[in-house]
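One structure below.
Just so it is clear, the model here is predicted, and its values are computed rather than measured.
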Protein chains: 2
Amino acid sequence: MSAEHSSDIAETIRRIGQQARAAGRALARSGTGARNDALAAIAARIEAGSEAIAAANAADLEAAREAGLDPALIDRMELTPGRIQAMADGLREIAALPDPVGAVRELASRPSGIQVGRMRMPIGVIGIIYESRPNVTADAAGLCIKSGNATILRGGSEAIRSNRAIAEQIRAGLEDAGLPGDGVQVVGTTDRDAVGALIQMPESVDVIVPRGGKGLVERIAREARVPVIKHLDGVCHVYIDEAADTEKAVAIAVNAKTQRLGTCNTMETLLVAEAAAERVLPEVGRQLRDAGIEVRGCERTRALIDEAVPATEEDWTTEYLGPTLAVRVVAGFDDAVAHIERYSSGHTEAIVTESYPLAQRFLREVDSSSVMVNASTRFADGQEYGLGAEIGISTDKLHARGPVGLEGLTTEKWIVLGDGHVRS
Amino acid sequence: MSAEHSSDIAETIRRIGQQARAAGRALARSGTGARNDALAAIAARIEAGSEAIAAANAADLEAAREAGLDPALIDRMELTPGRIQAMADGLREIAALPDPVGAVRELASRPSGIQVGRMRMPIGVIGIIYESRPNVTADAAGLCIKSGNATILRGGSEAIRSNRAIAEQIRAGLEDAGLPGDGVQVVGTTDRDAVGALIQMPESVDVIVPRGGKGLVERIAREARVPVIKHLDGVCHVYIDEAADTEKAVAIAVNAKTQRLGTCNTMETLLVAEAAAERVLPEVGRQLRDAGIEVRGCERTRALIDEAVPATEEDWTTEYLGPTLAVRVVAGFDDAVAHIERYSSGHTEAIVTESYPLAQRFLREVDSSSVMVNASTRFADGQEYGLGAEIGISTDKLHARGPVGLEGLTTEKWIVLGDGHVRS
């Protein structure tokens with residue numbers, strides 16, 4: 001690639017950034033009504049333009065098949081009529097959520113006589129970098145519009161035609177509602193240099209949200225010169241305590257692994273207190289076998305689950321995202337927490353216990369984005385938590401942790417109300 | 001400097017980081033009582049050890065004089081008996097604040113039957129890099145202990161003896177209360193490589209708080225591989241609107257500039273609506289002249305304040321931190337907001353107006369960490385806002401914005417309470 005070409009890309013991204021900054025100011029000042037109108041207008045435009053979107057998507061799918069891409073990836077790319085309708089429905093659901101922008105909390109008088117509180121505000125310009133699924137274009141744009149932010153979207157090159165077609169409807173819908181069309185821009189080039197330029201532009205981009213594989217997220221976190229809301233792996237644990245109810249333990253362990261295999265909140269390692277192992281593991285093993293799950297276990301696990309194969313050190317850190325589960329028998333609570341501390345990715349962990357003090361200690365001592373008592377890790381999700389939609393699940397500790405909804409796309413400033421107050 | 005030497009430093013910092021990580025786990029699990037006991041014990045130790053601290057400080061001061069350091073800097077370094085007592089008093093005030101750790105908010109039932117809420121937790125290990133004032137050693141350590149974090153402190157090399165002497169008392173006080181002495185560690189070497197190592201150790205340090213000059217903060221933000229809570233400059237504005245009350249306007253403008261000259265929340269640019277200029281600026285000019293402030297003004301300002309010298313473009317972006325003020329007459333509200341948008345550092349801005357709609361618009365449209373109506377910018381401060389003490393004033397938008405107290409040193413995780421709940 002020539003240096004000249006590379007500087008063209010940088011110039012294009014720079015211009016997109018400036019347009020986003022200007023549009024972001026307008027969106028931040030727009031009213032709740034205008035932003036909800038825009039979401040409704042985009043939904044209507046997507047429905048009316050569904051044939052054009054489907055045609056663009058068909059071209060992407062054909063190119064992907066010709067290029068010999070993985071059929072699972074091609075399946076995720078496909079925009080069926082149902083998926084197009086789901087994009088429109090999702091935008092209307094976002095419109096129905098409460099507006100986070102301008103909300104003031106904890107406004108209270110201080111001894112000096114001033115009133116001090118905090119007002120929630122858009123962050124400004126949000127860059128979203130994602131792979132394959134073109135419906136993210138509408139979902140992410142919707143959350144950013146609702147929260148008063150401008151967005152720059154950079155989807156996977158294999159879905160570029162679909163993304164451009166959806167972006168056209170979004171622009172038209174924004175303009176229908178009297179908001180700037182540049183409020184949502186899709187980077188039209190498939191060049192990889194575009195990502196490099198986008199993540200190193202703090203003057204125009206306030207935060208980057210990467211949605212995709214670990215390689216993509218780690219590369220962006222390493223190279224970005226703006227804050228990144230990272231979504232890394234979920235090596236989630238369920239710990240079945242000595243004081244666990246057998247029925248709840250079996251139900252939660254099986255649900256956490258089998259309810260869906262490929263999600264980041266799926267359990268990947270099951271820990272069982274040795275005092276509970278005999279009454280729990282054989283039944284868990286039976287149900288997992290029936291569900292087609294391979295168990296990789298420690299020695300004591302293998303004594304109770306016939307089919308289990310030996311686990312290696314690597315199994316304790318693996319996010320399988322598939323029909324495999326690591327199982328370990330531990331001495332008890334402290335041993336379980338030590339295992340989690342050492343091997344967990346900090347996403348979601350659950351304890352099953354009837355013990356009040358151990359439930360309290362687990363909630364307090366385990367340092368993951370979601371910590372649960374007597375519930376399946378599969379609940380770690382924006383919809384289940386009542387956030388409406390989510391833009392991802394953050395494994396970072398600062399700013400946004402766990403499922404990121406509208407609140408994670410905003411910030412709070414301090415406001416001070418006086419009546420001529422001066423400091424003495 | 002030899003490569004061998006540099007790797008020795010890196011090894012030392014790496015060991016300090018590992019000790020901090022282990023101590024941080026213990027602090028996070030400690031009770032409110034133990035952490036408050038430690039703060040009280042450290043206060044008592046500082047009082048009892050005040051002579052040793054003063055002697056170490058005297059040695060720093062002598063070395064600084066011999067090295068010909070700036071007398072203002074030497075003055076800031078001095079630990080008088082009053083300043084030593086203030087450190088002890090400050091720790092007792094921090095002990096008296098409510099404990100942020102473990103607080104649960106918004107625990108509510110979801111349709112699935114689970115209860116979901118958020119629990120406040122320590123961040124883990126906080127690195128603080130600061131210059132000259134050794135009292136920061138006690139203040140910062142106190143806030144971090146209270147919020148359940150381990151701390152690594154790296155002060156200026158000119159105050160190394162004072163910092164070490166204070167650190168000894170902190171370690172002893174932590175151990176008095178049964179907490180790990182490694183909970184607060186002062187980097188004992190003055191080598192600059194130590195900073196480089198400290199900010200690139202995400203496995204042991206969760207966040208860096210730089211307190212010092214712009215050069216230090218910018219270098220750290222550029223080179224850090226962990227999140228940084230930045231405190232950059234305060235180019236703060238007061239805008240006197242057409243609808244301002246004259247008396248309030250004069251009092252706020254004069255207080256915002258003169259109440260203290262060298263702080264980041266001091267007004268550096270005054271904007272006045274042209275319709276208010278004649279009734280406000282001559283009196284503001286007189287009072288500023290009496291306070292020894294030089295005015296650098298636009299043409300219309302100079303027509304109303306005789307002593308004003310011409311302002312240049314550079315004046316609109318300058319944080320004087322001294323007896324100089326930039327003054328500009330603007331057409332009105334929109335012009336003032338556009339000036340702030342272009343030149344402000346995003347720290348603190350105030351409007352003086354009796355107009356309800358303009359006050360509301362200013363609060364909503366100005367995107368700074370503190371936005372005020374009819375109050376002096378000097379109120380932008382952790383104590384004035386009711387945070388107790390502050391570790392700095394963040395000019396970042398994410399995680400911590402504006403004055404950073406205990407809340408800014410913590411994070412929230414999600415907690416889920418079930419009774420055998422599984423996802424369907």
- Query: Does CD in A/Glu247 sit with more than 12 non-hydrogen atoms of other residues, nucleotides or ligands closer than 6.0 Å?
  - Reply: no

- Message: Counting neighbours of CD on B/Glu223 that are heavy atoms of other residues, nucleotides or ligands and sit closer than 6.0 Å, is the number greater than 12?
- Response: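 Yes, enclosed.
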
Under 4.5 Å from a heavy atom of chain A, the part of [X] involved:
X	answer
B/Asp396	neither
B/Val352	neither
B/Gln115	neither
B/Pro403	both
B/Ile114	side chain
B/Ser370	both
B/Arg118	side chain
B/Ala251	both
B/Glu106	neither
B/Thr348	neither

- Message: Quick one, A/Val104 with B/Leu363, criterion side-chain contact (heavy atoms from CB on, under 4.5 Å). Give me CA distance, side-chain angles, the key distance, then yes/no.
- Response: CA-CA 11 Å; A/Val104 172; B/Leu363 288 173; over 6 Å; no

Any ion pair linking [Y] and [X] (charged N to carboxylate O, less than 4.0 Å)?
X	Y	result
A/Arg25	B/Glu365	no
A/Asp419	B/Lys248	yes
B/Arg29	A/Glu341	yes

Name the region of [X], side chain, backbone, both or neither, that has any atom closer than 4.5 Å to a heavy atom of chain B.
X	answer
A/Glu349	neither
A/Ser424	backbone
A/Val373	both
A/Arg401	both
A/Leu387	side chain

- Quick one: of B/Ala400, B/Ser376, B/Ser369, B/Gly402, who has the most non-hydrogen atom pairs under 4.5 Å with chain A? B/Ser369

- Message: Please determine whether side-chain contact (heavy atoms from CB on, under 4.5 Å) holds for the pair B/Leu398 and A/Ile123, giving the CA-CA distance in whole Å, both sets of side-chain angles, and the decisive distance to 0.1 Å.
- Response: CA-CA 8 Å; B/Leu398 299 192; A/Ile123 291 176; 3.6 Å; yes

Indicate yes or no for a side-chain donor-acceptor contact from [X] to the backbone of [Y] under 3.5 Å, with no hydrogens or angles considered.
X	Y	answer
B/Lys413	A/Val366	yes
B/Trp414	A/Ser368	no
B/Arg423	A/Phe379	no
B/Arg364	A/Ala28	yes

- For the residue pair A/Glu407 and B/Arg105, what are the closest heavy atoms and their distance? OE2-NH2, 4.0 Å

- Message: Which heavy atom of B/Ile252 sits nearest to which heavy atom of A/Gly420, and what is that distance?
- Response: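 Of all heavy-atom pairs spanning B/Ile252 and A/Gly420, the closest is CD1-CA, 3.7 Å.
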
- Taking side chain as C-beta onward, heavy atoms only, is A/Asp206 less than 4.5 Å from B/Lys397?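 Yes, close enough: below the 4.5 Å cut-off.
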
- Item | Step-by-step side-chain contact (heavy atoms from CB on, under 4.5 Å) determination, B/Val416 to A/Tyr385 | CA-CA 9 Å; B/Val416 174; A/Tyr385 284 5; 3.5 Å; yes

